[in-house]
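Chain A is the first sequence line, chain B the second, and so forth, proteins listed ahead of strands; every chain is numbered from 1.
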2 protein chains.
Amino acid sequence: MTADPRVRRTKALVHEAAIAVLVEEGFTGVSIESIAQRAGVARTTIYRHWSSPAAIVIDAFDSLSEPFELEPSGDVRTDLVTVLGRLATDLPESRWASVLTALVAAAEHDPELAERKRALAESRRRATMSLIEDAARRGEIRADVDSELVAAMLAGPLFYRRLLTNEPVDRQLVETIVDVVLAGLDHRSAGAARARSAARPRR
Amino acid sequence: MTADPRVRRTKALVHEAAIAVLVEEGFTGVSIESIAQRAGVARTTIYRHWSSPAAIVIDAFDSLSEPFELEPSGDVRTDLVTVLGRLATDLPESRWASVLTALVAAAEHDPELAERKRALAESRRRATMSLIEDAARRGEIRADVDSELVAAMLAGPLFYRRLLTNEPVDRQLVETIVDVVLAGLDHRSAGAARARSAARPRR
DNA sequence: CGACAACGCTACACAGTCGTAGCGTACAAG
DNA sequence: CTTGTACGCTACGACTGTGTAGCGTTGTCG
(Lines give C-alpha, C1' and ligand atoms only; values in the text may rest on other atoms or scores of the structure.)
Protein backbone atom coordinates (compact mmCIF):
# COMPACT_ATOMS: atom_id res chain seq x y z
CA MET A 1 0.00 0.00 0.00
CA THR A 2 2.33 2.68 1.26
CA ALA A 3 5.65 2.86 -0.52
CA ASP A 4 7.57 4.92 2.05
CA PRO A 5 9.44 2.57 4.39
CA ARG A 6 9.21 5.14 7.18
CA VAL A 7 5.44 4.88 7.17
CA ARG A 8 5.49 1.11 7.11
CA ARG A 9 7.89 1.02 10.00
CA THR A 10 5.74 3.37 12.06
CA LYS A 11 2.57 1.42 11.39
CA ALA A 12 4.22 -1.86 12.29
CA LEU A 13 5.55 -0.45 15.56
CA VAL A 14 2.17 1.02 16.49
CA HIS A 15 0.28 -2.15 15.63
CA GLU A 16 2.62 -4.21 17.75
CA ALA A 17 2.38 -1.78 20.64
CA ALA A 18 -1.41 -1.59 20.45
CA ILE A 19 -1.76 -5.35 20.71
CA ALA A 20 0.77 -5.49 23.53
CA VAL A 21 -1.05 -2.86 25.57
CA LEU A 22 -4.39 -4.53 24.91
CA VAL A 23 -3.08 -7.92 26.01
CA GLU A 24 -1.38 -6.64 29.14
CA GLU A 25 -3.89 -4.10 30.39
CA GLY A 26 -7.09 -4.70 28.46
CA PHE A 27 -9.16 -2.06 26.73
CA THR A 28 -9.07 0.12 29.82
CA GLY A 29 -5.36 0.73 29.37
CA VAL A 30 -5.53 1.53 25.68
CA SER A 31 -5.01 5.19 24.84
CA ILE A 32 -3.15 7.00 22.13
CA GLU A 33 -0.74 8.11 24.80
CA SER A 34 -0.02 4.60 26.11
CA ILE A 35 0.36 3.17 22.62
CA ALA A 36 2.72 5.95 21.55
CA GLN A 37 4.87 5.48 24.62
CA ARG A 38 4.96 1.72 24.15
CA ALA A 39 5.82 1.98 20.47
CA GLY A 40 8.52 4.58 21.01
CA VAL A 41 6.74 6.82 18.55
CA ALA A 42 5.76 10.46 18.97
CA ARG A 43 2.11 11.01 19.80
CA THR A 44 1.76 13.51 17.01
CA THR A 45 2.94 10.93 14.53
CA ILE A 46 0.08 8.67 15.51
CA TYR A 47 -2.45 11.43 14.89
CA ARG A 48 -1.15 11.66 11.34
CA HIS A 49 -2.32 8.10 10.65
CA TRP A 50 -5.21 7.38 12.98
CA SER A 51 -8.00 9.39 14.50
CA SER A 52 -8.75 7.41 17.66
CA PRO A 53 -7.45 4.57 19.83
CA ALA A 54 -10.23 2.37 18.48
CA ALA A 55 -9.05 2.95 14.93
CA ILE A 56 -5.55 1.89 15.85
CA VAL A 57 -6.67 -1.28 17.55
CA ILE A 58 -9.02 -2.23 14.76
CA ASP A 59 -6.28 -1.61 12.24
CA ALA A 60 -3.91 -3.73 14.29
CA PHE A 61 -6.30 -6.67 14.28
CA ASP A 62 -6.06 -6.96 10.54
CA SER A 63 -2.36 -7.60 10.84
CA LEU A 64 -3.15 -10.36 13.31
CA SER A 65 -5.53 -12.66 11.45
CA GLU A 66 -3.65 -15.75 10.42
CA PRO A 67 -5.15 -18.23 7.95
CA PHE A 68 -5.65 -21.54 9.68
CA GLU A 69 -3.90 -24.33 7.79
CA LEU A 70 -4.52 -28.05 8.19
CA GLU A 71 -3.72 -31.11 6.10
CA PRO A 72 -6.63 -33.53 6.59
CA SER A 73 -5.69 -37.10 7.42
CA GLY A 74 -8.97 -38.60 6.31
CA ASP A 75 -10.04 -39.70 9.77
CA VAL A 76 -12.49 -37.38 11.55
CA ARG A 77 -11.37 -38.16 15.03
CA THR A 78 -7.72 -37.60 14.24
CA ASP A 79 -8.35 -34.33 12.47
CA LEU A 80 -10.74 -32.98 15.08
CA VAL A 81 -8.28 -33.80 17.83
CA THR A 82 -5.60 -31.98 15.87
CA VAL A 83 -7.64 -28.83 15.34
CA LEU A 84 -9.00 -28.72 18.87
CA GLY A 85 -5.64 -29.69 20.26
CA ARG A 86 -4.15 -26.64 18.64
CA LEU A 87 -6.99 -24.58 20.12
CA ALA A 88 -6.25 -26.08 23.53
CA THR A 89 -2.61 -25.10 23.14
CA ASP A 90 -3.37 -21.55 22.08
CA LEU A 91 -6.15 -20.79 24.54
CA PRO A 92 -4.09 -20.54 27.72
CA GLU A 93 -1.26 -18.38 26.53
CA SER A 94 -1.38 -17.07 22.99
CA ARG A 95 -1.74 -13.42 22.13
CA TRP A 96 -4.61 -14.48 19.93
CA ALA A 97 -6.59 -15.78 22.89
CA SER A 98 -5.92 -12.69 24.98
CA VAL A 99 -7.08 -10.39 22.25
CA LEU A 100 -10.16 -12.51 21.66
CA THR A 101 -11.01 -12.39 25.36
CA ALA A 102 -10.77 -8.62 25.39
CA LEU A 103 -12.96 -8.49 22.31
CA VAL A 104 -15.65 -10.66 23.86
CA ALA A 105 -16.49 -7.89 26.30
CA ALA A 106 -15.85 -4.98 23.96
CA ALA A 107 -18.08 -6.47 21.29
CA GLU A 108 -21.06 -5.98 23.58
CA HIS A 109 -20.96 -2.24 23.03
CA ASP A 110 -19.21 -1.79 19.70
CA PRO A 111 -20.52 -3.43 16.50
CA GLU A 112 -17.23 -2.81 14.73
CA LEU A 113 -15.31 -4.72 17.38
CA ALA A 114 -17.96 -7.43 17.30
CA GLU A 115 -17.10 -7.91 13.66
CA ARG A 116 -13.38 -8.19 14.46
CA LYS A 117 -14.13 -10.74 17.15
CA ARG A 118 -16.04 -12.82 14.65
CA ALA A 119 -13.19 -12.53 12.15
CA LEU A 120 -10.62 -13.66 14.72
CA ALA A 121 -12.54 -16.80 15.59
CA GLU A 122 -13.81 -17.57 12.11
CA SER A 123 -10.90 -19.36 10.44
CA ARG A 124 -10.63 -22.00 13.13
CA ARG A 125 -14.39 -22.41 13.23
CA ARG A 126 -14.59 -22.87 9.49
CA ALA A 127 -11.80 -25.44 9.60
CA THR A 128 -13.70 -27.44 12.21
CA MET A 129 -16.94 -27.24 10.27
CA SER A 130 -15.22 -28.35 7.09
CA LEU A 131 -13.86 -31.42 8.82
CA ILE A 132 -17.34 -32.32 9.99
CA GLU A 133 -18.94 -31.77 6.61
CA ASP A 134 -16.25 -33.78 4.83
CA ALA A 135 -16.69 -36.63 7.28
CA ALA A 136 -20.43 -36.56 6.74
CA ARG A 137 -19.85 -36.65 3.00
CA ARG A 138 -17.52 -39.64 3.38
CA GLY A 139 -20.03 -41.41 5.59
CA GLU A 140 -17.84 -41.46 8.69
CA ILE A 141 -20.59 -39.73 10.60
CA ARG A 142 -24.28 -39.37 9.88
CA ALA A 143 -24.90 -37.29 6.82
CA ASP A 144 -27.46 -34.90 8.25
CA VAL A 145 -25.52 -33.28 11.09
CA ASP A 146 -25.58 -29.54 11.67
CA SER A 147 -21.91 -28.65 11.40
CA GLU A 148 -22.31 -25.32 13.18
CA LEU A 149 -23.89 -27.07 16.12
CA VAL A 150 -21.20 -29.73 16.28
CA ALA A 151 -18.46 -27.12 16.05
CA ALA A 152 -20.03 -25.32 19.02
CA MET A 153 -20.24 -28.56 20.97
CA LEU A 154 -16.56 -29.28 20.35
CA ALA A 155 -15.02 -25.85 20.88
CA GLY A 156 -17.58 -24.56 23.40
CA PRO A 157 -16.38 -26.64 26.34
CA LEU A 158 -12.79 -25.52 25.77
CA PHE A 159 -13.73 -21.83 25.75
CA TYR A 160 -16.02 -22.43 28.70
CA ARG A 161 -13.16 -23.71 30.81
CA ARG A 162 -10.81 -20.99 29.64
CA LEU A 163 -13.15 -18.01 30.00
CA LEU A 164 -15.54 -19.00 32.76
CA THR A 165 -14.11 -21.52 35.18
CA ASN A 166 -10.38 -21.09 34.49
CA GLU A 167 -9.91 -24.83 34.56
CA PRO A 168 -6.94 -26.19 32.63
CA VAL A 169 -7.40 -27.28 29.03
CA ASP A 170 -5.23 -30.18 27.95
CA ARG A 171 -5.05 -32.79 25.21
CA GLN A 172 -6.70 -35.49 27.30
CA LEU A 173 -9.73 -33.23 27.67
CA VAL A 174 -9.84 -32.61 23.94
CA GLU A 175 -9.85 -36.32 23.13
CA THR A 176 -12.61 -36.99 25.61
CA ILE A 177 -14.82 -34.25 24.20
CA VAL A 178 -14.32 -35.40 20.64
CA ASP A 179 -15.12 -38.98 21.61
CA VAL A 180 -18.28 -38.14 23.50
CA VAL A 181 -19.63 -35.92 20.74
CA LEU A 182 -18.83 -38.40 17.98
CA ALA A 183 -20.37 -41.21 20.01
CA GLY A 184 -23.43 -39.09 20.71
CA LEU A 185 -23.91 -38.37 17.04
CA ASP A 186 -23.44 -41.99 16.02
CA HIS A 187 -25.87 -43.34 18.52
CA ARG A 188 -28.78 -44.78 16.57
CA SER A 189 -29.86 -47.76 18.66
CA ALA A 190 -31.35 -47.38 22.14
CA GLY A 191 -31.50 -43.62 22.52
CA ALA A 192 -32.04 -42.95 18.85
CA ALA A 193 -35.07 -40.82 19.47
CA ARG A 194 -32.86 -38.50 21.42
CA ALA A 195 -29.87 -38.32 19.16
CA ARG A 196 -32.02 -37.88 16.11
CA SER A 197 -32.74 -34.29 17.03
CA ALA A 198 -29.09 -33.51 16.43
CA ALA A 199 -29.91 -33.58 12.75
CA ARG A 200 -31.39 -30.27 11.74
CA PRO A 201 -32.04 -28.77 8.34
CA ARG A 202 -29.10 -26.63 7.28
CA ARG A 203 -30.04 -22.98 7.04
CA MET B 1 -25.45 -4.08 58.75
CA THR B 2 -25.93 -0.36 58.72
CA ALA B 3 -28.90 0.85 60.70
CA ASP B 4 -29.32 4.31 59.18
CA PRO B 5 -31.83 4.13 56.33
CA ARG B 6 -30.09 7.00 54.59
CA VAL B 7 -26.94 4.93 54.21
CA ARG B 8 -28.83 1.90 53.01
CA ARG B 9 -30.65 4.00 50.45
CA THR B 10 -27.43 5.51 49.17
CA LYS B 11 -25.72 2.14 48.87
CA ALA B 12 -28.66 0.64 47.04
CA LEU B 13 -28.77 3.53 44.58
CA VAL B 14 -25.03 3.34 43.94
CA HIS B 15 -25.06 -0.43 43.51
CA GLU B 16 -27.88 -0.19 41.02
CA ALA B 17 -26.16 2.61 39.12
CA ALA B 18 -22.83 0.81 39.05
CA ILE B 19 -24.37 -2.28 37.48
CA ALA B 20 -26.33 -0.17 35.02
CA VAL B 21 -23.25 1.70 33.85
CA LEU B 22 -21.28 -1.53 33.61
CA VAL B 23 -23.96 -3.20 31.53
CA GLU B 24 -24.48 -0.27 29.20
CA GLU B 25 -20.93 0.91 28.68
CA GLY B 26 -18.67 -1.81 30.01
CA PHE B 27 -15.76 -1.31 32.35
CA THR B 28 -14.45 1.52 30.23
CA GLY B 29 -17.40 3.68 31.17
CA VAL B 30 -17.21 2.98 34.88
CA SER B 31 -15.92 5.86 36.99
CA ILE B 32 -16.89 7.37 40.31
CA GLU B 33 -18.13 10.33 38.36
CA SER B 34 -20.37 8.33 36.01
CA ILE B 35 -21.78 6.21 38.80
CA ALA B 36 -22.54 9.25 40.95
CA GLN B 37 -24.29 10.98 38.09
CA ARG B 38 -26.28 7.86 37.25
CA ALA B 39 -27.29 7.26 40.85
CA GLY B 40 -28.29 10.87 41.44
CA VAL B 41 -25.90 10.95 44.36
CA ALA B 42 -23.24 13.51 45.13
CA ARG B 43 -19.72 12.41 44.25
CA THR B 44 -18.49 13.31 47.71
CA THR B 45 -21.04 11.00 49.25
CA ILE B 46 -19.57 8.10 47.32
CA TYR B 47 -16.10 8.85 48.64
CA ARG B 48 -17.51 8.50 52.15
CA HIS B 49 -18.31 4.82 51.46
CA TRP B 50 -15.91 3.59 48.80
CA SER B 51 -12.34 4.32 47.83
CA SER B 52 -12.35 3.39 44.13
CA PRO B 53 -14.62 2.48 41.24
CA ALA B 54 -13.46 -1.12 41.52
CA ALA B 55 -14.55 -1.27 45.13
CA ILE B 56 -18.01 -0.05 44.20
CA VAL B 57 -18.44 -2.56 41.42
CA ILE B 58 -17.18 -5.45 43.51
CA ASP B 59 -19.48 -4.43 46.31
CA ALA B 60 -22.37 -4.25 43.87
CA PHE B 61 -21.77 -7.79 42.67
CA ASP B 62 -22.49 -9.18 46.09
CA SER B 63 -25.98 -7.75 45.92
CA LEU B 64 -26.40 -9.52 42.60
CA SER B 65 -25.67 -13.17 43.33
CA GLU B 66 -28.93 -15.05 43.41
CA PRO B 67 -29.10 -18.62 44.71
CA PHE B 68 -30.14 -20.93 41.93
CA GLU B 69 -33.21 -22.93 42.90
CA LEU B 70 -34.47 -26.09 41.20
CA GLU B 71 -36.86 -28.84 42.18
CA PRO B 72 -35.50 -32.06 40.63
CA SER B 73 -38.00 -34.16 38.69
CA GLY B 74 -36.00 -37.35 38.92
CA ASP B 75 -35.30 -37.59 35.20
CA VAL B 76 -31.86 -36.35 34.12
CA ARG B 77 -32.86 -35.22 30.71
CA THR B 78 -35.83 -33.24 31.99
CA ASP B 79 -33.84 -31.55 34.71
CA LEU B 80 -30.85 -30.75 32.51
CA VAL B 81 -33.11 -29.25 29.87
CA THR B 82 -34.73 -27.14 32.58
CA VAL B 83 -31.45 -25.80 33.97
CA LEU B 84 -29.88 -25.19 30.58
CA GLY B 85 -33.13 -23.80 29.27
CA ARG B 86 -33.07 -21.20 31.95
CA LEU B 87 -29.45 -20.45 31.02
CA ALA B 88 -30.50 -20.11 27.39
CA THR B 89 -33.21 -17.66 28.42
CA ASP B 90 -30.90 -15.57 30.56
CA LEU B 91 -27.88 -15.51 28.26
CA PRO B 92 -29.24 -13.20 25.57
CA GLU B 93 -30.73 -10.47 27.67
CA SER B 94 -30.30 -10.70 31.42
CA ARG B 95 -28.26 -8.25 33.42
CA TRP B 96 -26.52 -11.27 34.86
CA ALA B 97 -25.18 -12.29 31.47
CA SER B 98 -24.03 -8.78 30.63
CA VAL B 99 -22.14 -8.44 33.87
CA LEU B 100 -20.60 -11.87 33.41
CA THR B 101 -19.45 -10.93 29.92
CA ALA B 102 -17.78 -7.78 31.19
CA LEU B 103 -16.12 -9.82 33.91
CA VAL B 104 -14.73 -12.35 31.47
CA ALA B 105 -12.40 -9.74 30.06
CA ALA B 106 -11.73 -7.90 33.31
CA ALA B 107 -10.80 -11.11 35.10
CA GLU B 108 -7.77 -11.41 32.85
CA HIS B 109 -6.05 -8.55 34.63
CA ASP B 110 -7.66 -8.46 38.06
CA PRO B 111 -7.65 -11.49 40.38
CA GLU B 112 -10.36 -9.98 42.55
CA LEU B 113 -12.71 -9.65 39.60
CA ALA B 114 -11.77 -13.16 38.52
CA GLU B 115 -13.10 -14.37 41.84
CA ARG B 116 -16.39 -12.46 41.34
CA LYS B 117 -16.73 -13.95 37.88
CA ARG B 118 -16.35 -17.43 39.33
CA ALA B 119 -18.91 -16.63 42.02
CA LEU B 120 -21.44 -15.37 39.48
CA ALA B 121 -21.26 -18.54 37.41
CA GLU B 122 -20.87 -20.98 40.28
CA SER B 123 -24.43 -21.54 41.50
CA ARG B 124 -25.72 -22.60 38.10
CA ARG B 125 -22.66 -24.74 37.52
CA ARG B 126 -23.06 -26.49 40.83
CA ALA B 127 -26.75 -27.12 40.09
CA THR B 128 -25.83 -28.77 36.79
CA MET B 129 -23.12 -30.88 38.38
CA SER B 130 -25.46 -32.00 41.14
CA LEU B 131 -28.00 -33.21 38.59
CA ILE B 132 -25.33 -35.24 36.87
CA GLU B 133 -23.98 -36.75 40.07
CA ASP B 134 -27.47 -37.62 41.29
CA ALA B 135 -28.28 -39.27 37.98
CA ALA B 136 -25.07 -41.26 38.17
CA ARG B 137 -25.97 -42.33 41.69
CA ARG B 138 -29.41 -43.41 40.53
CA GLY B 139 -27.90 -45.31 37.61
CA GLU B 140 -29.52 -43.21 34.90
CA ILE B 141 -26.11 -42.54 33.43
CA ARG B 142 -22.83 -44.34 33.90
CA ALA B 143 -21.55 -44.04 37.42
CA ASP B 144 -18.03 -42.92 36.65
CA VAL B 145 -18.62 -39.69 34.75
CA ASP B 146 -16.65 -36.54 35.49
CA SER B 147 -19.40 -34.09 36.38
CA GLU B 148 -17.24 -31.02 35.82
CA LEU B 149 -16.47 -32.19 32.33
CA VAL B 150 -20.09 -32.92 31.51
CA ALA B 151 -21.17 -29.57 32.88
CA ALA B 152 -18.66 -27.90 30.57
CA MET B 153 -19.89 -29.93 27.62
CA LEU B 154 -23.48 -28.88 28.29
CA ALA B 155 -23.07 -25.21 29.13
CA GLY B 156 -19.99 -24.58 26.97
CA PRO B 157 -21.77 -24.62 23.61
CA LEU B 158 -24.37 -22.14 24.87
CA PHE B 159 -21.74 -19.68 26.07
CA TYR B 160 -19.78 -20.28 22.89
CA ARG B 161 -22.67 -19.16 20.74
CA ARG B 162 -23.48 -16.24 22.99
CA LEU B 163 -19.95 -14.90 23.45
CA LEU B 164 -18.11 -15.92 20.32
CA THR B 165 -20.38 -16.39 17.33
CA ASN B 166 -23.45 -14.45 18.47
CA GLU B 167 -25.68 -17.18 17.16
CA PRO B 168 -29.13 -17.44 18.78
CA VAL B 169 -29.61 -19.80 21.71
CA ASP B 170 -33.02 -21.41 21.93
CA ARG B 171 -34.74 -24.32 23.62
CA GLN B 172 -34.42 -26.59 20.60
CA LEU B 173 -30.66 -26.15 20.74
CA VAL B 174 -30.60 -27.00 24.43
CA GLU B 175 -32.51 -30.24 23.92
CA THR B 176 -30.21 -31.29 21.10
CA ILE B 177 -27.10 -30.68 23.15
CA VAL B 178 -28.43 -32.58 26.13
CA ASP B 179 -29.41 -35.49 23.92
CA VAL B 180 -26.09 -35.74 22.15
CA VAL B 181 -24.09 -35.58 25.36
CA LEU B 182 -26.27 -38.11 27.17
CA ALA B 183 -26.14 -40.43 24.17
CA GLY B 184 -22.39 -39.99 23.95
CA LEU B 185 -21.95 -40.95 27.59
CA ASP B 186 -24.26 -43.96 27.34
CA HIS B 187 -22.56 -45.38 24.31
CA ARG B 188 -20.94 -48.64 25.35
CA SER B 189 -21.29 -50.82 22.28
CA ALA B 190 -19.42 -50.06 19.06
CA GLY B 191 -17.35 -47.02 19.96
CA ALA B 192 -17.01 -47.96 23.59
CA ALA B 193 -13.27 -47.51 23.51
CA ARG B 194 -13.86 -43.92 22.63
CA ALA B 195 -16.59 -43.05 25.08
CA ARG B 196 -14.81 -44.81 27.88
CA SER B 197 -12.32 -42.01 28.17
CA ALA B 198 -15.16 -39.76 29.33
CA ALA B 199 -14.82 -41.46 32.68
CA ARG B 200 -12.01 -39.90 34.60
CA PRO B 201 -11.05 -40.24 38.22
CA ARG B 202 -12.63 -37.45 40.24
CA ARG B 203 -10.09 -35.06 41.64
C1' DC C 1 -36.64 18.59 71.17
C1' DG C 2 -31.81 18.12 70.78
C1' DA C 3 -27.45 15.85 69.38
C1' DC C 4 -25.40 13.53 65.82
C1' DA C 5 -24.64 11.80 61.27
C1' DA C 6 -25.43 11.70 56.39
C1' DC C 7 -26.10 14.21 52.54
C1' DG C 8 -25.74 17.86 48.82
C1' DC C 9 -23.19 21.51 47.10
C1' DT C 10 -19.23 24.32 45.90
C1' DA C 11 -14.55 24.95 45.41
C1' DC C 12 -9.85 23.69 44.61
C1' DA C 13 -5.49 21.45 43.15
C1' DC C 14 -3.72 17.71 40.52
C1' DA C 15 -3.06 14.30 36.87
C1' DG C 16 -3.98 12.20 32.46
C1' DT C 17 -5.63 12.27 27.88
C1' DC C 18 -7.04 14.67 23.89
C1' DG C 19 -6.44 17.20 19.63
C1' DT C 20 -3.93 20.83 17.21
C1' DA C 21 -0.11 23.84 15.83
C1' DG C 22 4.58 25.11 14.61
C1' DC C 23 9.28 24.13 13.69
C1' DG C 24 13.56 21.81 12.85
C1' DT C 25 15.62 17.40 11.39
C1' DA C 26 16.14 13.18 8.87
C1' DC C 27 15.08 10.32 5.24
C1' DA C 28 13.06 8.91 0.51
C1' DA C 29 12.54 9.34 -4.31
C1' DG C 30 13.07 11.55 -8.70
C1' DC D 1 21.31 17.30 -5.43
C1' DT D 2 16.90 18.88 -4.65
C1' DT D 3 12.22 18.52 -3.50
C1' DG D 4 8.81 16.58 -0.74
C1' DT D 5 7.39 14.15 3.13
C1' DA D 6 7.53 11.76 7.51
C1' DC D 7 9.08 12.23 11.88
C1' DG D 8 10.29 14.00 16.68
C1' DC D 9 9.80 17.60 19.82
C1' DT D 10 7.63 21.30 22.40
C1' DA D 11 3.84 23.85 23.63
C1' DC D 12 -0.87 24.95 24.29
C1' DG D 13 -5.96 24.86 25.68
C1' DA D 14 -9.73 21.98 26.73
C1' DC D 15 -11.88 18.32 28.94
C1' DT D 16 -12.56 14.64 32.35
C1' DG D 17 -11.73 12.17 36.36
C1' DT D 18 -9.51 12.16 41.03
C1' DG D 19 -9.26 13.15 45.87
C1' DT D 20 -9.91 16.52 49.69
C1' DA D 21 -11.99 20.31 52.34
C1' DG D 22 -15.58 23.19 54.24
C1' DC D 23 -20.32 24.50 55.04
C1' DG D 24 -25.23 24.50 55.24
C1' DT D 25 -29.28 21.44 55.23
C1' DT D 26 -31.87 17.50 56.13
C1' DG D 27 -33.00 13.30 58.23
C1' DT D 28 -32.35 9.88 62.16
C1' DC D 29 -32.71 8.36 66.65
C1' DG D 30 -32.64 8.58 71.66
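- Within a heavy-atom distance below 4.0 Å of DNA chain C, the residues of residues 4-28 of chain B found are Asp4(B), Arg6(B), Val7(B), Thr10(B).
- In this structure, Asp110(B) has no salt bridge (charged side-chain N to carboxylate O under 4.0 Å, His left out) partners at least two apart in sequence or on a different chain.
- For the side chain to side chain contact (heavy atoms under 4.5 Å, CB included) test, residues two or more places apart in sequence or in another chain that qualify with Arg9(A) are Leu13(A).
- The ring pair (Phe, Tyr, Trp, His ring centres under 6.0 Å) contacts involving residues 147-169 of chain B comprise Phe159(A)-Tyr160(B), Tyr160(A)-Phe159(B), where partners must be two or more places apart or lie in separate chains.
- Note: CZ (Arg48(B)) to P (dC4(C)) measures 18 Å, nearest angstrom.
- Applying the side chain to side chain contact (heavy atoms under 4.5 Å, CB included) test to Ala54(A) and every residue at least two apart in sequence or in another chain returns Ser52(A).
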Can you list, pair by pair, the side-chain donor-acceptor contacts under 3.5 Å of residues 21-29 of chain A, counting residues two or more places apart and other chains?
unit_1: Glu24(A); atom_1: OE1; unit_2: Arg38(A); atom_2: NH1; d: 3.2
unit_1: Glu24(A); atom_1: OE2; unit_2: Arg38(A); atom_2: NH2; d: 2.8

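- Identified under the ring pair (Phe, Tyr, Trp, His ring centres under 6.0 Å) test for residues 78-98 of chain B, with sequence neighbours left out: none.
- Atom CG of residue Leu185(B) and atom CG of residue Asp179(A) lie 11.5 Å apart, to the nearest 0.5 angstrom.
- The CD1 atom of Ile46(B) sits 12 Å away from the C1' atom of dG8(C) (whole-angstrom rounding).
- Using a 4.0 Å heavy-atom distance criterion, Ser51(B) is classed as a sugar-phosphate-only contact.
- Of all nucleotides in DNA chain D having an atom under 4.0 Å from a heavy atom of chain A, the first and last in 5' to 3' order are dG4(D) to dA11(D).
- Judged by closest nucleotide on DNA chain C, Gly40(B) is the one of Gly40(B) and Val30(A) placed further toward the 5' end.
- Annotation: the terminal axes of the helix from dC1(C)-dG30(D) to dG30(C)-dC1(D) meet at 40°, where each axis is the rotation carrying the C1' atoms of four end pairs onto the next four (5 pairs per end, rounded to 10°).
- No side-chain heavy atom of Leu113(A) sits less than 4.5 Å from a side-chain heavy atom of Lys117(A).
- By the side-chain hydrogen bond (donor to acceptor under 3.5 Å, both in side chains) test, Thr165(B) pairs with Glu167(B), sequence neighbours left out.
- For Trp50(B) and dC7(C), the CH2 to C1' distance is 13 Å, given to the nearest whole Å.
- Identified under the salt bridge (charged side-chain N to carboxylate O under 4.0 Å, His left out) test for residues 78-87 of chain B, with sequence neighbours left out: none.
- Checked against side-chain hydrogen bond (donor to acceptor under 3.5 Å, both in side chains), Thr78(B) has the following partners two or more places apart in sequence or in another chain: Asp75(B).
- Side-chain nitrogen and oxygen atoms of His49(B) include at least one within less than 4.0 Å of the OP1 or OP2 phosphate oxygen of dC7(C).
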